[in-house]
Amino acid sequence: MILTAPYYHETQKESEVFSHAFQNKIPMLLKGPTGTGKSRFVEYMAHALEKKLITISCHEETSSTDLIGRFIIKGAETVWLDGPLTTAVKEGAILYLDEVAEARPDVIVAIHSLTDHRRELFIDKLGETVKAQEDFMLIASFNPGYQRGFKELKPSTRQRFIALTFDYPEAKIETEILVNETAVDSDIAKKLVAIAAKIRNLTELGLTETVSTRLLVDAAKLIHTGLPKRLSVHVAIVEPLTDDPQTIQSLKDLVGLMI
Ligand code: ADP
């Protein structure tokens with residue numbers, strides 16, 4: 001259970017959508033680039049609905065066994081250990097599969113029967129089917145990444161979810177988020193947001209992902225604890241975005257003019 005309310009700035013009636021999805025037992029897909037508040041939103045909703053939240057950060061090695069469970073050797077015995085998905089299904093928790101498209105295909109197969117009217121999980125290693133507890137809810141996030149290097153989700157999977165797009169918030173809201181998250185001076189927050197807007201518009205740089213709110217929060221934190229502003233922006237925003245020396249130099253020049 002999340003005890004203190006996480007700070008989350010609503011941008012598109014997303015909490016109302018989430019509450020209705022929860023009420024109707026419809027799984028939800030949060031689409032959008034990294035660092036746009038998807039995970040924070042799920043934490044915020046779990047707190048608001050007073051539900052336990054189980055998060056799984058999916059990567060290319062994540063398999064259905066990691067989610068469902070496995071037999072382990074304990075002394076002279078072999079015992080079954082529920083995985084996080086099975087625990088969530090049994091306890092009626094909110095299960096958040098972060099970056100679901102990164103996981104191995106058997107993960108998608110495993111969740112299918114949980115995303116339709118059956119709401120049940122088949123545990124093949126036990127030959128058992130577990131009915132989801134009333135409050136179980138499945139949330140997944142997905143980065144559509146219009147450029148190369150991102151995995152896709154099949155229509156047959158996508159259409160099992162209702163979906164919301166998360167994007168970088170408008171300048172006023174993003175400034176408010178920086179001030180709230182880091183207590184940085186609002187003038188500095190405004191400058192950071194302006195730098196982000198500028199870089200986000202520089203499509204010719206061909207960055208795989210551009211400046212996220214997360215990077216701005218990091219820069220604001222460093223500035224707030226006294227690291228020089230340009231250095232903060234350099235290490236928190238410029239360097240994480242690219243390894244190409246020329247692009248780093250262009251971004252450095254640009255930032256130098258703005259802060
Ligand atoms: P994602 O899950 O989309 O990768 P996160 O939820 O981890 O992104 O967000 C990254 C950081 O950005 C958060 O830790 C928070 O500081 C900030 N953030 C982004 N959007 C919001 C928002 N709407 N309200 C509050 N904080 C936000």
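Please read all numbers here as calculations on a predicted model, not as lab measurements. All ligand and atom numbering here is 1-based and tracks the order in the structure.
Taking the charged nitrogens against the carboxylate oxygens, Glu181 and Arg40 do have a contact shorter than 4.0 Å, which makes a salt bridge. A salt bridge between Glu91 and Lys52 is present, with a side-chain N of the basic residue lying under 4.0 Å from a carboxylate O of the acidic one.
In terms of polar-atom proximity, defined here as any N/O pair under 3.5 Å, Thr213 makes no such contact with ligand 1. Remark: ligand 1 and Glu181 share an N or O pair separated by less than 3.5 Å (distance only, no angle test). Not one N or O of Phe41 is nearer than 3.5 Å to an N or O of ligand 1, by distance alone. In terms of polar-atom proximity, Val217 is not counted as a contact of ligand 1, lacking any N or O under 3.5 Å from an N or O of the ligand. Residue contacts with ligand 1: Thr11 is placed with no nitrogen or oxygen under 3.5 Å of a nitrogen or oxygen of the ligand (distance criterion only). For ligand 1, the polar-atom distance check finds no N/O of Tyr7 at less than 3.5 Å from any of the ligand's N/O atoms.
Closest to atom 10 (C) of ligand 1 among all protein heavy atoms lies Arg214 CB, 3.6 Å. With respect to atom 3 (O) of ligand 1, the closest heavy atom belonging to the protein is Lys38 NZ, 2.8 Å. Summary of contacts: the protein heavy atom closest to atom 4 (O) of ligand 1 is Gly35 N, 2.7 Å. Nearest non-hydrogen protein atom to atom 13 (C) of ligand 1 is Arg40 NH2, 3.7 Å.
Here the shortest heavy-atom pairing between Ser232 and Ala219 reads CB-O, 3.9 Å. In this structure, Tyr7 and Ile177 approach most closely via the heavy-atom pair OH-CA, 3.5 Å.
Nearest-residue assignment for atom 2 (O) of ligand 1 (options Ser39, Pro33, Gly32; heavy-atom criterion): Ser39. Between Leu216, Leu30, Ile177, it is Ile177 that holds the heavy atom closest to atom 22 (C) of ligand 1.
In this structure, the side chains of Phe18 and Phe41 come closer than 4.5 Å at one or more pairs of heavy atoms. In this structure, Lys31 and Phe166 have side chains that are not in contact, with every pair of non-hydrogen atoms separated by 4.5 Å or more.
Contacts with ligand 1 closer than 4.0 Å are made by heavy atoms of both the backbone and the side chain of His9.
Note: Trp80 and Phe71 have perpendicular aromatic rings, judged against thresholds of 30 and 60 degrees for the angle between ring planes.
Residue contact check: Thr36 has heavy atoms under 4.0 Å from atoms 1 (P), 3 (O), 8 (O), 19 (C), 20 (N) of ligand 1. Within ligand 1, the atoms closer than 4.0 Å to a non-hydrogen atom of Thr34 are 4 (O), numbered from 1 in the order shown. The Gly37 neighbourhood of ligand 1 comprises atoms 1 (P), 3 (O), 5 (P), 6 (O), 8 (O), 9 (O), 19 (C), 20 (N), with distances under 4.0 Å to a heavy atom of that residue.
Remark: Asp253 CG is packed, more than 12 non-hydrogen atoms of other residues, nucleotides or ligands lying under 6.0 Å away.
Geometrically, Arg200 engages Tyr168 in a cation-pi contact defined by less than 6.0 Å to the ring centre and at most 45° from the axis.
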Evaluate side-chain hydrogen bond (donor to acceptor under 3.5 Å, both in side chains) for Thr213 paired with Glu174, printing each intermediate quantity in order.
CA-CA 7 Å; Thr213 307; Glu174 200 162 36; 2.7 Å; yes
